[in-house]
Amino acid sequence: MKHRTSLLALGALLLAAGATPAAAQRSDDLVKADQNAREWMLYGRTYDNQRFSPLSQVTPNNVGSLRPVWAASLGSLDGVEATPLVKDGVLYVSGAYSHVYAFDAGNGERLWHWAPEYAPELGTILCCGPVNRGVAILDDLVYVLTLDARLVALKKDSGQVAWEKAIDDWQRGVSATGAPLIVKDKVIVGIAGGEYGVRGYLRAYSARSGEVAWTTYTVPEPGQPGSETWPGDTWKTGGGATWQSGAYDPQLNLLYWGTGNPGPWNSDLRKGDNKWTASLLALNPDNGAIQWGFQYTPNDGWDYDGNNAPILADIRLDGRLVKAALQSNRNGFFYVLDRTNGKFLFAVPTVEGINWTSGLDPRTGRPDVNEAMRPLADGKPVLPIVPGLEGGTNWFPMSYNPEMGVAFVPSNQWAMALTGYKPEDIKYEPGKVYMGMDYKMHRTGETIGRLKAFDVAKRKWLWEIGSPLPLFAGVLATRSGLVFTGDQQGFVFAADAKSGEVLWRFQTGSAINASPITYEIDGRQYLAILSGLGGDPSFYFKAPKGGMLWVFALANLTAGQAGAGAWKVEDIEGALTPVPGK
Amino acid sequence: VRSHRSPASDARHAGDGRGALPRPSLLLVAAALICLQPAAASGQAHQPPKVEHDDYAWQHESNPYSGDAQAVAEGRRLYRSTCYICHLDSGGRGPDLRKSKLKGRDFMRIVIRGRKGTQMPAWLGKLSEDQMWMILAYVEAPRN
């Protein structure tokens with residue numbers, strides 16, 4: 001028996017030895033994603049979320065000949081917000097309701113489609129539409145979060161479920177819409193539910209087995225640091241959801257993750273800073289321990305959130321090379337923090353006329369709140385508050401060209417009215433909305449959307465492109481000096497990174513609320529983006545819906561390059577059958 | 001027979017800006033008129049077939065709470081914690097319910113079962129029938 005036991009142990013050891021280097025190698029690939037220009041393996045392309053591609057076949061000179069080479073319907077008219085990934089010639093993308101699709105990235109052939117099932121009551125806990133922002137890949141698995149708060153690992157080659165884990169009981173208002181983030185051997189997931197009185201947390205699972213590795217709450221319980229910022233039991237329904245994705249610095253071994261608004265929205269019902277809501281947290285990815293936090297909006301009373309994942313960039317500021325974290329916030333400011341310790345370096349307004357604060361403390365970044373613009377639980381409307389709760393910059397990711405030192409920031413210039421309910425009308429019930437407030441967004445000028453370029457070291461806005469409707473798309477920058485994004489009118493467009501001149505645009509047929517990527521197959525550079533109205537913009541105007549994936553490359557394609565080959569009858573599902581008896 | 005939306009109702013939402021945001025100066029006017037925003041229908045999703053029968057066991061034939069001030073107040077509270085996030089005060093992602101052509105049980109069926117092809121979920125199990133009637137009483141009550 002002893003002999004056998006030791007053989008088993010040896011076998012396990014060999015298995016472990018065989019498995020570990022392979023897994024480590026693949027997560028090493030993610031650390032070195034910046035050296036892999038041809039693929040797009042992470043939500044933000046690289047762990048620093050710069051969404052900057054070295055691919056340079058498409059330039060300001062030839063971008064005018066960018067043409068669609070293939071497109072695909074996702075089969076749903078619901079909104080699409082995802083960033084596709086490209087690995088080993090396959091494009092993986094999530095659509096509405098966390099459906100996941102795999103396409104041949106070169107010719108558009110659909111390889112598989114995974115369709116999760118939901119209870120008919122699911123929509124009762126979805127604040128902001130059945131959206132999903134992307135998948136993550138490690139080794140042979142594709143990870144996606146579902147709207148009913150599951151983490152699902154799909155087999156990369158077939159789309160079949162390898163395993164799935166319930167993150168939480170969705171019936172109490174916990175959902176998940178962000179892209180998971182792989183760090184080493186773990187998959188890290190955030191949750192949504194800040195409008196339902198959910199206490200936010202971040203959780204890491206073993207990427208291989210799906211076992212929980214750690215859970216870190218963003219809102220402390222009594223006795224933990226920061227608990228003094230929550231009166232009474234308010235922490236229990238305190239919000240601070242983690243509904244987007246994060247960033248990772250392998251050198252510092254720090255994971256960065258933004259946190260959402262406190263609940264309910266009425267700040268006078270939870271007097272105190274309400275840590276760590278509306279904040280950026282830096283955590284040890286191995287055990288989830290919070291290393292530091294920076295709170296953008298203490299005692300947030302405007303639903304400003306703080307979820308946007310930062311861009312990590314090394315920037316020369318006043319002669320000193322700084323490891324910075326850049327974040328464009330819904331509260332109207334663009335923040336530059338020291339990402340080693342969370343110290344505030346500086347911030348500049350992204351929008352004009354910010355009036356919820358008279359300004360930020362130049363040393364600490366703490367806002368001096370204009371109390372006249374703070375809505376309370378008193379039934380009285382407060383307006384116009386600038387910016388409106390959508391920001392500034394909402395969830396859509398900006399990009400950064402490290403060679404220019406310029407960030408390309410989608411933002412919106414608008415205002416809102418907020419009317420807090422009276423305390424007797426605000427009652428927490430699991431699975432019911434716990435906002436405590438009515439809101440209405442308002443136009444303040446001819447344009448709302450502004451794509452803006454910001455020279456970080458010079459602290460200077462360079463140019464902007466306006467749009468009559470809000471911008472809700474992510475941005476891609478390329479080394480060749482281009483910036484790609486989309487607008488609510490349905491245009492995907494390219495601008496000159498230096499001048500902001502629009503050099504190319506294409507009408508996709510529905511609003512763009514997703515983020516573009518670029519990749520290379522057989523020497524050809526492609527641009528891919530989802531099109532389809534949904535999510536928050538669909539609250540504010542009416543237009544045709546979509547649900548399409550569009551892929552572009554430079555013109556002069558041969559028939560073989562432009563899309564998949566003709567279908568064979570036997571490959572067509574549900575095709576017409578021959579006449580019986582003939 | 002499927003009932004699809006008419007082309008005319010599609011044209012109404014053709015992105016001509018009529019659904020765009022009012023200016024702040026218009027807020028009070030908008031609040032007073034409450035009919036500036038077009039009824040949102042249900043986006044461009046295909047409508048489900050008309051419900052011909054329903055095995056739901058009704059407790060009330062018609063709304064027992066119409067005009068009952070206390071029930072309307074409770075209906076308002078429930079509306080805020082369930083409907084508001086999509087329908088807002090005068091339509092958002094979901095239509096302005098005060099302009100709904102559906103009355104009584106026709107309205108209630110949508111609340112109970114949800115509406116396929118749209119984001120309207122089934123509220124059966126989340127709300128009691130009485131609570132749904134109270135919400136309808138609030139929706140149909142005159143507002144100040």
Side-chain angles (χ1 to χ4, degrees), chain A residues 76-78 118-130 171 195-196 381 383-384 414-417 421 424-429 431-445 448 468-470 488-490 510-511 533-536 538-546, chain B residues 9-10 12-28 30-31 37-46 73-74 76-95 111-127:
Chain A
S76 161
L77 293 173
D78 289 300
Y118 295 102
E121 312 87 47
L122 171 77
T124 61
I125 59 111
L126 299 183
C127 74
C128 314
Q171 296 269 13
E195 271 60 60
Y196 296 84
L383 75 163
W414 46 359
M416 69 175 164
Y421 304 156
E424 59 268 28
D425 290 336
I426 306 168
K427 184 172 125 194
Y428 172 75
E429 290 176 82
K432 299 275 172 63
V433 171
Y434 190 56
M435 278 162 48
M437 220 174 269
D438 280 356
Y439 76 96
K440 195 162 183 65
M441 295 293 298
H442 292 280
R443 176 183 289 282
T444 55
I448 296 174
L469 287 164
Q488 294 302 316
Q489 299 173 83
S510 184
L533 175 63
D536 281 17
S538 63
F539 279 65
Y540 307 121
F541 73 105
K542 306 296 173 196
K545 297 193 176 184
Chain B
S9 85
D10 273 31
R12 197 179 43 176
H13 304 303
D16 56 6
R18 263 186 285 175
L21 306 168
R23 290 160 190 280
S25 55
L26 288 179
L27 173 74
L28 296 176
Q37 296 194 338
S42 42
Q44 273 62 36
H46 294 287
E74 177 63 4
R76 182 183 69 167
R77 193 189 68 75
L78 290 163
Y79 182 94
R80 286 169 163 181
S81 67
T82 53
C83 319
Y84 179 83
I85 203 153
C86 292
H87 295 276
L88 304 182
D89 260 344
S90 49
R93 272 181 304 163
V111 182
I112 290 167
R113 298 289 186 210
R115 190 161 213 172
K116 281 213 172 85
T118 76
Q119 291 172 31
M120 178 66 187
W123 286 93
L124 187 65
K126 288 269 180 176
L127 293 169

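Chain identifiers are assigned alphabetically (A, B, ...) following the order of the sequence lines, protein sequences preceding nucleic acid strands; residue numbering begins at 1 within each chain. The model shown is predicted, which means the values in this text are computed figures rather than measured ones.
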(message) I want to check something: taking the side chain as every heavy atom from C-beta on, are A/K427 and B/S81 in contact at a cut-off of under 4.5 Å?
(response)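 Contact flag for A/K427/B/S81 side chains = no.
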(message) Less than 4.5 Å to any heavy atom of chain A: does that hold for the side chain of B/L127, its backbone, both, or neither?
(response)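 Side chain only.
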Where do [X] and [Y] come nearest, in terms of heavy atoms and distance?
X	Y	value
B/S90	A/K440	OG-NZ, 4.1 Å
B/R93	A/L126	NH2-O, 3.9 Å
A/M437	B/Y84	O-CE2, 4.0 Å

(message) At a heavy-atom distance under 4.5 Å, which candidate from A/C127, A/G436, A/P468 has the highest pair count against chain B?
(response)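 Going by pairs under 4.5 Å, I would pick A/C127.
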(message) Out of A/G129, A/A119, A/G431, A/S76, return the one with the most heavy atom pairs under 4.5 angstrom to chain B.
(response)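 It is A/G129.
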(message) Strictly below 4.0 Å, N to O, side chains only: are A/D425 and B/R80 in salt-bridge contact?
(response)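 A salt bridge is present here (some side-chain N lies under 4.0 Å from a carboxylate O).
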Given heavy-atom pairs under 4.5 angstrom as the criterion, report whether the side chain, backbone, both or neither of [X] touches chain B.
X	answer
A/D78	side chain
A/I125	side chain
A/Y196	side chain
A/Q489	neither

(message) Could you work out, with ring pair (Phe, Tyr, Trp, His ring centres under 6.0 Å) as the rule, every residue matching B/Y79, not counting sequence neighbours?
(response)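 Checked B/Y79 against ring pair (Phe, Tyr, Trp, His ring centres under 6.0 Å); matches are B/Y138.
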(message) Run the ring pair (Phe, Tyr, Trp, His ring centres under 6.0 Å) test against A/Y421 and tell me which residues pass, sequence neighbours left out.
(response)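 Checked A/Y421 against ring pair (Phe, Tyr, Trp, His ring centres under 6.0 Å); zero matches.
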(message) Using modelled atom types and a 3.5 Å cut-off, is there a donor and acceptor pairing between side-chain atoms of B/K126 and backbone atoms of A/Q171?
(response)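 Side chain of B/K126 to backbone of A/Q171, a donor-acceptor pair under 3.5 Å: yes, one is there.
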For the [atom1] atom of [X] and the [atom2] atom of [Y], what is their distance to the nearest 0.5 Å?
X	Y	atom1	atom2	value
A/T124	B/L124	OG1	CG	11.5 Å
B/D89	A/Y439	CG	OH	10.5 Å
B/L88	A/M441	CG	CE	11.5 Å

(message) I need the residue from B/P121, B/G114, B/G125 with the largest number of non-hydrogen atom pairs under 4.5 Å to chain A.
(response)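 The option with the most such pairs is B/P121.
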